[in-house]
*Asks:* 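Okay, handing you the structure first.
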Number of protein chains: 2
Amino acid sequence: MSYSTRQREAILNTLRRTDRPLTPQEIREGASRDCAGIGLATVYRALKSFMAQKDVLLVEIPGNPPCYEPADRGHHHHFVCDRCRHVFDLHGCVQDLDTLVPRDFSVQRHDITLYGVCAACGTGADG
Amino acid sequence: MSYSTRQREAILNTLRRTDRPLTPQEIREGASRDCAGIGLATVYRALKSFMAQKDVLLVEIPGNPPCYEPADRGHHHHFVCDRCRHVFDLHGCVQDLDTLVPRDFSVQRHDITLYGVCAACGTGADG
DNA sequence: AGAAATATGAGACTGGTTTCTCATTTATAA
DNA sequence: TTATAAATGAGAAACCAGTCTCATATTTCT
């Protein structure tokens with residue numbers, strides 16, 4: 001069983017109020033808002049337990065450190081801005097992925113990551 | 001300028017004769033065939049230099065350690081078998097990836113990784 | 001062949017992330 | 001409210017990929 005604590009609530013709130021996956025460090029910073037002084041070990045422990053309960057998912061994006069997001073966002077993919085390095089959630093998906101593999105392979109899931117320049121960086125705002 | 005050495009040739013040969021991306025460790029093991037006692041530092045140094053010359057590409061697959069492959073294989077993606085963890089090169093690509101992002105984002109490249117069960121594992125051969 | 005540039009192997013080292021330890025605190029159940 | 005299980009913070013420790021050092025060896029140029 002797991003107990004509900006101020007720290008764990010703060011961690012979940014941080015994940016939920018942000019629309020992109022966060023690193024443990026970022027989660028700690030966000031959670032400090034609700035729960036000053038929260039430790040990094042606490043963040044790791046809580047993430048581990050949330051993942052075991054399938055409330056949180058690990059998101060691994062090539063070229064970026066591992067990050068986490070709530071599990072209830074449904075199937076989606078990610079966009080990484082090459083300038084500001086921010087990760088954005090994308091909605092929608094593509095068809096025909098199974099046609100890429102030989103017939104005797106079975107495809108169970110997939111990751112798609114797009115890279116480019118986000119709106120803010122593209123307008124010359126800071127790029 | 002860079003010199004051609006037994007070690008570097010062994011590394012390139014290993015990358016070329018294997019049809020999937022390899023980790024530095026795997027590269028070292030493969031290169032030992034041609035060049036016994038080759039050091040890991042040598043592998044890293046050579047990879048760095050090959051990447052600078054654009055002869056070799058870094059392939060980062062979520063959930064797997066960084067690996068490398070020759071740069072002349074053209075645009076392709078990867079399949080990871082959840083049973084044997086092998087990485088397979090896939091040929092072909094999909095359309096309409098740009099439609100996933102907002103209009104003011106620009107997409108410059110993408111990674112697609114499929115996960116599932118490969119032919120060998122699926123036949124019950126060892127799965 | 002001789003000189004200069006580059007590469008090598010071994011192992012120490014680095015930088016960063018994740019886990020562990022342990023004394024203390026907090027949450028839950030009876 | 002008491003007992004028990006679980007969680008916490010701080011820092012130490014473990015872990016690991018990748019880099020560096022340095023004495024030596026190899027390659028290339030002339």
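The shown structure was predicted, so the numbers you read here are calculated from the model rather than taken from an experiment. Below, chains carry the letters A, B, ... as their sequence lines are ordered, and counting in each starts from 1.
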*Asks:* Are H86(B) and H78(B), when compared by the centres of their aromatic rings, separated by less than 6.0 Å?
*Replies:* no
*Asks:* Name every residue in residues 36-60 of chain A that has at least one heavy atom under 4.0 Å from any atom of DNA chain D, in order of residue number, or write none if there are no such residues.
*Replies:* G37(A), I38(A), G39(A), A41(A), T42(A), R45(A)
*Asks:* Do T113(B) and I61(B) make a side-chain contact, defined as non-hydrogen atoms from C-beta onward lying under 4.5 Å apart?
*Replies:* yes
*Asks:* From Y68(B) OH over to L15(B) CG, what is the distance, rounded to the nearest 0.5 angstrom?
*Replies:* 10.5 Å
*Asks:* Which angle, rounded to 10°, do you find between the first-five-pair axis and the last-five-pair axis of the helix from dA1(C)-dT30(D) to dA30(C)-dT1(D)?
*Replies:* 40°
*Asks:* Need one value for P65(B): base, sugar-phosphate or nothing, where a base atom within 4.0 Å counts as base even if backbone is also close, heavy atoms only.
*Replies:* nothing
*Asks:* Can you tell me how far P of dG18(D) sits from CD of E26(B), to the nearest Å?
*Replies:* 12 Å
*Asks:* Using a 6.0 Å distance limit plus a 45 degree cone around the ring axis, check whether R20(B) lies over the aromatic ring of F88(B).
*Replies:* no
*Asks:* Starting at CZ of R28(A) and ending at C1' of dG11(D), how long is that distance when rounded to a whole Å?
*Replies:* 12 Å
*Asks:* Between R16(B) and D72(B) (salt bridge meaning N to carboxylate O under 4.0 Å), is one present in this structure?
*Replies:* no
*Asks:* Any chain of hydrophobic side-chain contacts (each under 4.5 Å) joining L100(A) to V117(B)?
*Replies:* no
*Asks:* Could you report the tightest heavy-atom contact between L114(B) and L97(A), atom names first, then the distance?
*Replies:* CD1-O, 3.6 Å
*Asks:* Considering only heavy atoms, which members of residues 6-17 of chain B lie under 4.0 Å from some atom of DNA chain C?
*Replies:* Q7(B), R8(B)
*Asks:* From the list dG18(D), dA7(C), dT28(C), which nucleotide is the closest neighbour of the side chain of T5(B)?
*Replies:* dA7(C)
*Asks:* Step by step, work out the ring-ring contact (aromatic ring centres under 6.0 Å, His included) result for H77(B) and H91(B).
*Replies:* CA-CA 7 Å; H77(B) 297 294; H91(B) 305 289; over 10 Å; no
*Asks:* Cut-off 3.5 Å, side chains only: do S49(A) and R8(A) have a donor facing an acceptor?
*Replies:* yes
*Asks:* Taking for each residue the nucleotide of DNA chain D with the nearest heavy atom, is it M1(B) or Y3(A) whose nucleotide lies nearer the 5' end?
*Replies:* Y3(A)
*Asks:* Could you tell me if the ring centre of F79(B) sits under 6.0 Å from that of F105(A)?
*Replies:* yes
*Asks:* Does R17(B) come within less than 4.0 Å of D34(B), counting only side-chain N to carboxylate O?
*Replies:* yes
